[in-house]
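Reviewing the structure listed below.
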Amino acid sequence: MPWTRKDLLGIAGLSPAEILEVLDTAATMKEISTREIKKVPVLRGKTVVNLFFEASTRTRVSFEIAEKRLSADAVNVSTSGSSVSKGETLLDTARNLQAMNPDIIVLRHSCPGTPALLASRLPAAVINAGDGAHEHPTQALLDLFTIRERLGRIAGLTVGIFGDIAHSRVARSDLLALRALGARVLVGGPPGMIPPGIEEMGAEIAPRLERMLPELDVLIMLRIQLERQGGALFPSGREYATHFGLSPERLLLGRRELLVMHPGPVNRGIEVSPEVADGPQSLILDQVTSGVAVRMAVLYLLSGANRAAAAVEGRGAHER
């Protein structure tokens with residue numbers, strides 16, 4: 001069935017069928033990036049505003065590349081370049097942007113729920129590119145796409161998420177998406193970084209990497225969210241690496257086929273050693289490649305282009 005949602009605000013609330021629709025569409029979009037001319041006209045005439053109020057490299061750039069490959073007109077706005085820095089409210093900024101009739105707004109903000117607020121007030125489609133420690137839906141979708149592309153499935157796999165679970169929007173979105181498609185999810189990390197009630201979301205707690213690794217098909221290591229912790233939860237980076245980092249020696253505790261992922265940016269030598277990050281079991285750069293395809297898919301689906309294509313196909317079938 002064609003995608004019918006106006007916005008993508010989180011993984012919570014998406015059905016397995018909707019998640020699979022994004023992944024299947026992304027598989028088609030990835031082929032576009034392999035062509036000599038990496039551009040198709042499906043979003044020609046559409047305007048996308050990238051509204052980023054937090055620092056970003058991979059997410060922002062991959063959205064920009066995705067928009068250009070679909071022939072959309074992209075406008076980039078950051079905190080320092082907007083009137084928010086002069087005291088204007090975010091909602092007033094968004095309303096002024098809406099007065100210019102954009103079709104899609106991609107928003108990253110430090111306050112949880114901000115994308116939902118804008119989506120409820122604006123007719124433009126809103127994509128959550130990360131809201132505080134709440135959700136990061138396109139990261140979860142690209143993680144699932146990367147896993148499925150390599151292993152052929154999600155259902156039945158055992159996936160570990162390790163690190164700063166409490167402050168990670170990626171952890172929440174990954175957990176929801178993986179569980180929705182039938183994966184078993186183990187979570188772990190230092191004391192104080194595992195939020196109470198995580199089991200209610202379907203996770204199993206395995207605090208130590210040594211306990212988790214032998215059971216896993218995929219391990220997702222997380223960045224330490226120092227900017228959200230409000231205080232040190234461990235003595236130093238060296239201490240973290242010694243007790244909780246993924247070293248080549250620890251990796252040997254897992255299966256030879258174990259795949260290692262990280263949403264980035266990677267603190268090399270702390271969460272993941274350089275030898276592991278650059279090793280044959282790492283899918284970190286594959287995730288970056290997947291990000292463009294998945295964000296192309298999300299832009300395409302939210303633009304309504306798929307519904308238009310389905311309508312044309314339906315009329316053609318009726319005439320035949």
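For this chain, numbers begin at 1 and follow the sequence in order. Treat the numbers as computed from the prediction; the structure is a model and nothing was measured.
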Legend entry - Shared hydrophobic cluster for Val61 and Val170 (ILVMFWY, side-chain gaps under 4.5 Å): yes

Legend entry - Side chains of Leu178 and Ile147 in contact at under 4.5 Å (non-hydrogen atoms): yes

Inset, instruction - Verify, without hydrogens or angle tests, whether Asp131 (side chain) and Pro112 (backbone) share a donor-acceptor contact under 3.5 angstrom. - result: no

Legend entry - Point-to-point distance, once rounded to the nearest 0.5 Å, from CG of Leu222 to CZ of Phe162: 9.5 Å

Legend entry - Results of side chain to side chain contact (heavy atoms under 4.5 Å, CB included) for Arg95 - residues two or more places apart only: Leu91, Asp92, Arg121, Leu122

Legend entry - salt bridge (Lys or Arg N to Asp or Glu O under 4.0 Å) contacts in which one or both residues fall within residues 271-284, not counting sequence neighbours: Arg268-Asp278

Inset, instruction - Would you confirm whether Thr47, through its side chain, and Pro102, through its main-chain N or O, come within 3.5 Å as a donor-acceptor pair? - result: no

Inset, instruction - For residues 255-265, pull every pair meeting salt bridge (Lys or Arg N to Asp or Glu O under 4.0 Å), keeping only residues two or more places apart or in separate chains. - result: Asp217-Arg255

Inset, instruction - Would you check if the side chain of Glu135 reaches a backbone N or O of Ile11 as a donor-acceptor pair within less than 3.5 Å? - result: yes

Legend entry - Side chain Ser282, main chain Gly279, donor-acceptor under 3.5 Å: no

Inset, instruction - Would you name the heavy atoms of Asn128 and Leu9 that are closest together and state the gap between them? - result: ND2-O, 2.9 Å

Legend entry - Check: Glu54/Ser110 side-chain N/O donor and acceptor closer than 3.5 Å: no

Inset, instruction - State, yes or no, whether a side-chain contact exists between Ser62 and Val288 at a heavy-atom distance under 4.5 Å. - result: no

Legend entry - Neighbour count above 12 (heavy atom, 6.0 Å) for Ile37 CD1: no

Inset, instruction - Return each pair, listed once, that meets ring pair (Phe, Tyr, Trp, His ring centres under 6.0 Å) where at least one residue sits in residues 99-148; pairs must be two or more places apart or across chains. - result: Phe53-His109

Inset, instruction - Kindly determine whether Leu301 and Leu8 satisfy side-chain contact (heavy atoms from CB on, under 4.5 Å), including the steps that lead there. - result: CA-CA 10 Å; Leu301 292 171; Leu8 178 63; over 6 Å; no

Inset, instruction - In plain terms, say whether Arg35 and Glu31 are close enough for a salt bridge, that is, a side-chain N and a carboxylate O under 4.0 Å apart. - result: yes

Legend entry - Smallest separation among heavy atoms of Arg250 and Gly245, with atom names: NH1-O, 2.7 Å

Inset, instruction - Identify whether Val49 and Leu90 are in the same connected component of the hydrophobic contact network (ILVMFWY, side-chain heavy atoms under 4.5 Å). - result: yes

Inset, instruction - Would you check if the side chain of Thr59 reaches a backbone N or O of Ser56 as a donor-acceptor pair within less than 3.5 Å? - result: no

Legend entry - salt bridge (Lys or Arg N to Asp or Glu O under 4.0 Å) pairs, two or more places apart, involving residues 288-298: none

Inset, instruction - Report the C-alpha separation of Val40 and Met29 in whole Å, then their side-chain angles, then the decisive distance to 0.1 Å, and conclude whether the side-chain contact (heavy atoms from CB on, under 4.5 Å) test is met. - result: CA-CA 10 Å; Val40 291; Met29 295 298 175; 5.7 Å; no

Inset, instruction - For residues Glu88 and Asn96, determine if any side-chain heavy atom of one lies less than 4.5 Å from a side-chain heavy atom of the other. - result: yes

Inset, instruction - Answer yes or no: is there a side-chain heavy-atom contact under 4.5 Å between Leu219 and Gln281? - result: no

Legend entry - Approximate separation, where rounding is to 0.5 Å, of Leu118 CG and Leu97 CG: 9.5 Å

Inset, instruction - With the side chain counted from C-beta on, respond yes when Asn76 and Phe52 share a heavy-atom pair under 4.5 Å apart, and no when they do not. - result: no

Inset, instruction - Using a 4.5 Å cut-off on heavy atoms from C-beta on, say whether the side chain of Thr25 contacts that of Trp3. - result: no

Legend entry - Same apolar cluster (I L V M F W Y, side chains within < 4.5 Å links), Leu285/Val266: no

Legend entry - For the student: nearest non-hydrogen atoms of Thr114 and Cys111, plus distance: OG1-O, 2.7 Å

Legend entry - Partners passing salt bridge (Lys or Arg N to Asp or Glu O under 4.0 Å) against Asp103 (at least two apart in sequence or in another chain): none

Inset, instruction - Using the test side chain to side chain contact (heavy atoms under 4.5 Å, CB included), find all partners of Ala180 that sit at least two apart in sequence or belong to another chain. - result: Ile19

Legend entry - Separation between CD of Glu64 and CG of Asn50, rounded to the nearest 0.5 Å: 5.5 Å

Legend entry - Main-chain N/O of Thr89 paired to Thr93 side chain as donor or acceptor, under 3.5 Å: yes

Inset, instruction - Measure from the side-chain N and O atoms of Glu67 to the backbone N and O of Ala72, and report whether any donor-acceptor pair falls under 3.5 Å. - result: no

Legend entry - Met201 CE to Leu175 CG distance, which is reported to the nearest 0.5 Å: 4.5 Å

Inset, instruction - Provide the closest heavy-atom pair for Gly188 versus Ile165 in the form atom of the first, atom of the second, distance. - result: O-CG1, 3.7 Å

Legend entry - Pairs touching residues 11-47 that satisfy ring pair (Phe, Tyr, Trp, His ring centres under 6.0 Å), sequence neighbours left out: none

Inset, instruction - Indicate, with yes or no, if Leu209 and Leu258 share a hydrophobic cluster defined by side-chain heavy-atom contacts under 4.5 Å among Ile, Leu, Val, Met, Phe, Trp and Tyr. - result: yes

Inset, instruction - Of all the heavy-atom pairs spanning Tyr240 and Gly163, show the shortest one and how long it is. - result: OH-CA, 3.5 Å

Legend entry - side-chain hydrogen bond (donor to acceptor under 3.5 Å, both in side chains) against Lys46, all qualifying residues, sequence neighbours excluded: none

Legend entry - side chain to side chain contact (heavy atoms under 4.5 Å, CB included) against Ala241, all qualifying residues, sequence neighbours excluded: none

Inset, instruction - Indicate whether the side chain of Thr146 and that of Gln287 have a donor and an acceptor atom separated by less than 3.5 Å. - result: no

Legend entry - Spatial distance of atom CD1 (Ile284) from atom CE (Met221) [nearest 0.5 Å]: 9.5 Å

Inset, instruction - Evaluate the side-chain proximity of Ser33 to Arg69: yes if any heavy-atom separation is below 4.5 Å, no if none is. - result: yes

Inset, instruction - Examine distances only and state if a side-chain atom of Arg153 and a backbone atom of Ala155 form a donor-acceptor pair shorter than 3.5 Å. - result: yes

Inset, instruction - Say whether, by atom type as modelled, one donor and one acceptor occur between the side chain of Lys68 and the main chain of Asp73 under 3.5 angstrom. - result: no

Legend entry - Straight-line distance of Asp143 CG to Ile220 CD1, nearest 0.5 Å: 5.0 Å

Inset, instruction - Is it possible for you to say whether Leu20 and Leu142 belong to one hydrophobic cluster, with membership spreading through side-chain heavy-atom contacts below 4.5 Å? - result: yes

Inset, instruction - Without swapping roles, check the side chain of Arg223 against the backbone of Asn267 for a donor-acceptor pair under 3.5 Å. - result: no

Inset, instruction - Could you note down all residue pairs passing salt bridge (Lys or Arg N to Asp or Glu O under 4.0 Å) where residues 178-191 supplies at least one of them, sequence neighbours left out? - result: Arg184-Glu204, Arg184-Glu215

Inset, instruction - Not counting sequence neighbours, list each pair that qualifies as a side chain to side chain donor-acceptor pair (under 3.5 Å) and has a residue in residues 192-201. - result: none

Legend entry - Closest non-hydrogen atom pair, Ala297 against Ala26: CB-N, 3.6 Å

Inset, instruction - Report, as yes or no, whether the 6.0 Å neighbourhood of atom CZ on Arg208 holds more than 12 heavy atoms from other residues, nucleotides or ligands. - result: yes

